[in-house]
Amino acid sequence: MVPITTFHYLVVAAALFVLGVIGVLTRRNVVIVLMSIELILNAVNLNLVAFSRMWGNLHGQVFSIFVTVDAAAEAAVGLGILIAFFRNKETINVDEIDLLKW
Amino acid sequence: MPSFIMSYLGSTVTPGEAGNQFWALMYVLIIFAGVSVAVMAMNWLERKALAHFQIRLGPMRVGPHGLLQPIADAIKLMLKEDIIPANADQFVFWVAPLIGLLAAFTVYTVIPFGPSQAVSDMNIGILFMLGVSSLGVLGIVVAGWASNSHYPLIGALRSGAQMVSYEVAMGLAVVSAILMTSLKTGTGTLSMIGIVQSQQQQSVWFIFKFFPLGFIAFGIFAIAMIAETNRAPFDMAEAESELTAGYHTEYSGLRWSLFMLAEYATMIAVSSIAVTLWLGGWMRPFPNLLHAPMWDFIFSLFPGLTFLCLATIAFIGTARMPAHSFFRIQRIGLAVFAALLGFLALLLLVIAVAGRSADASLAARFNEGIGYVYWFVLKVAVFMYLFIWYRATWPRYRFDQLMRIGWKVMLPISLGVLVVTAIVGVLVS
Amino acid sequence: MAPVATPWFFYVLAGLAVASGVAVITRRNAVHSALALIVTLLSVAGLYLMLYAPFVFAVQLFVYAGGIMLLFLFVIMLVNIERSSKERRFNRMWPAGLVAACALMALFISAFVKGRTLFPDRMILLPESSNTQQIAGLLYGEPGRIGQYTFAFEIASLLLLVAILGAVIMTKKKI
């Protein structure tokens, strides 16, 4: 069998990235949009760690720790915004969050 | 014998490090069987001990002194009707107990029963254990939601919030113990076997190190681990009189028993973490201070003597049973049990005597291995008994009191202990 | 110790990750999506282990699977109205979104095809036993010098503090 190289991991990361982008652009439920953003960030992390293995140093892994920390902060704030909005308008569909529409 | 079996016997590394899949599988099967037996024994002990605390007798009829009661319970639960609520989500309802069970049993991969008796000694062993036990919360929350009913949902959310809150304090207490591993050699270690070996090098259990810092950290972990497993006095989310049994209300029969299995397995797992980090793991008391072969021999007699005491108690129980024809079968059963325990005690004493020289013969290696496992299991058993004692003694906390303690009392104390331990560690070395 | 059955593990974990990713974006029920995302996160954690990054594996387990997903599940149970599982799944602009994603995929494929020769086939074996110590050296510094990423580490902790404060203030009913 073909030995697993960096390229295989990059392909998996790209697939997850594209799935995340489709989720962000097409779904109506805000929570699922936020989960797709987490998919994108995971794909980025996988990319970073794969390159860290390829170059043989640990900078990619440290960067991926920072990306994870960032994703946690962003998930918390994003869900806070969602709850605050849900209290006002009682909907979680991105189609119906159109208070600023003229 | 095939070479892959013989090549591992007598090795000094774990099967994970030796790359031996057969022995790793054997260890996994032994651990699985051992934990299941321990959970059943824990079930029996809980009912008997709670009963005796409340001046009653507990189960007495099923086997002698209720010894076969867990088996009867297991058979009953397997034969019960499997009820699924009407609008419940079928797939999620089915998968929720499995998540909790998976998380509870995966941590046993890194628990060390001896210096080479672990399935695999990961370099990040303690991080792995804490991370996987935080996956168990997901099983509970999803179980409460999948039941499609108010009480389980509220119980599950409360349980989930409680477990997450006490995980923070638990993690910080663990970090202050890991700090102590780096005091002698300059580099610490996260592997479970490494933590016990650093306790051996510093010739002190971490609970007594920098007294009272190690003791406070241990106390915080001990309290947090009770909250992690939803046991009294933190069992608001699952107590029978509160939310009609909380997140596992709608589960009946075998699925409910999976939840109980996961809960007891988690209890044993977090007790193992506490024993490994603070109480010296598999080390017998005073391994460096009392190092003479005579002391080794005396301490190696302990397993046999323990089983001898148990056999004596069972024998006294047999003698005290009423000499009525109704009790004949129970009397015979208890006598057989006492005989089994006595035989086991005899076997252990023979091994201890035969292996008393420290050479590499089979008896000596068996003796050593049995000693390690015995001291580890004894310390974990003390914790299990403490769990039951707490349940019998203390009233439960109201949920807001529980959350207040978790965030406003445990977290600052554990942060303070961590900082002070670091300062003292730097000053000492 | 030589790794065992590496291609098999890689294909299983990668296939599981991609299949669960598809389940995340297509399920009608939000809780099913969350469970599928948990499976994806765990498979990606397994891939980190295969890449000899045990500390990142532990961080992923702790933070993502044990923390963020619990947060998502709590919020789903808080805002999930029964009618949301009977509504349309995809919004009105879904053809445009799909075309954009296909364009992105075409870009990735062209980058991979053109740059296939740029990625060396060697895989340097990072020492796994000192992974945590080396990451700690980068983040905290050696004795006597500050680490390369210490400043960024402190900023990240400030970022988390800001996120905590923001989340608390935004969900209060009366500020």
Side-chain angles (χ1 to χ4, degrees), chain B residues 13-21 24 87 89 91-93 95-96 99 102-103 106 120-142 144-146 148 153-154 156-158 160-161 163-164 167-168 171 178 182 186-191 194 426, chain C residues 1-5 23 27-39 41-42 45 48-49 52-78 80 82 85 127-137 140 142-143 164 168:
Chain B
V13 292
T14 63
E17 224 171 288
N20 198 328
Q21 288 109 19
N87 288 326
D89 200 336
F91 175 67
V92 179
F93 195 81
V95 102
I99 298 179
L102 212 68
T106 309
S120 147
D121 182 33
M122 298 181 72
N123 287 316
I124 45 157
I126 190 67
L127 275 188
F128 177 74
M129 289 198 76
L130 287 177
V132 171
S133 46
S134 71
L135 287 180
V137 188
L138 291 169
I140 291 180
V141 169
V142 159
W145 181 85
N148 197 24
L153 185 62
I154 298 179
L157 291 177
R158 277 186 182 179
M163 286 168 96
V164 163
E167 245 168 37
V168 183
I178 307 272
S182 70
T187 55
T189 171
L190 284 172
S191 81
V426 164
Chain C
M1 190 200 89
V4 170
R27 299 295 299 175
R28 198 178 285 274
N29 195 341
V31 174
H32 289 179
S33 279
L35 287 178
L37 187 59
I38 292 173
V39 174
L41 294 172
L42 291 178
Y48 289 154
L49 262 188
Y52 287 81
F55 189 71
V56 184
F57 160 77
V59 166
Q60 171 99 349
L61 263 188
F62 250 117
V63 174
Y64 260 116
I68 296 184
M69 289 322 297
L70 196 61
L71 182 63
F72 269 107
L73 278 171
F74 267 107
V75 170
I76 289 175
M77 290 171 199
L78 219 58
N80 200 25
E82 273 312 303
S85 44
E128 182 203 334
S129 56
S130 61
N131 188 322
T132 312
Q133 274 100 335
Q134 285 180 321
I135 291 186
Y140 292 109
E142 310 290 330
I164 293 174
V168 165

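Chain A is the first sequence line, chain B the second, and so forth, proteins listed ahead of strands; every chain is numbered from 1.
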Going by heavy atoms in the side chains, are C:F57 and B:L127 under 4.5 Å from each other?
no

Are C:L73 and B:V142 side-chain neighbours, meaning at least one heavy-atom pair lies under 4.5 Å?
yes

Name the region of [X], side chain, backbone, both or neither, that has any atom closer than 4.5 Å to a heavy atom of chain C.
X	value
B:V164	side chain
B:L157	both
B:L135	side chain
B:L130	both

For the atom pair CZ (B:F128) and CG (C:L61), what is the distance rounded to the nearest 0.5 Å?
7.0 Å

Can you tell me how far the CG atom of C:L49 sits from the CE atom of B:M122, to the nearest 0.5 Å?
5.5 Å

Less than 3.5 Å apart, any donor N or O on the side chain of B:N123 or C:N131 sitting next to an acceptor on the other?
no

What's the shortest heavy-atom distance between C:A58 and B:I124, and which atoms?
CB-CD1, 4.0 Å

For B:S134 versus C:G66, what's the shortest heavy-atom pair and its separation?
OG-CA, 3.8 Å

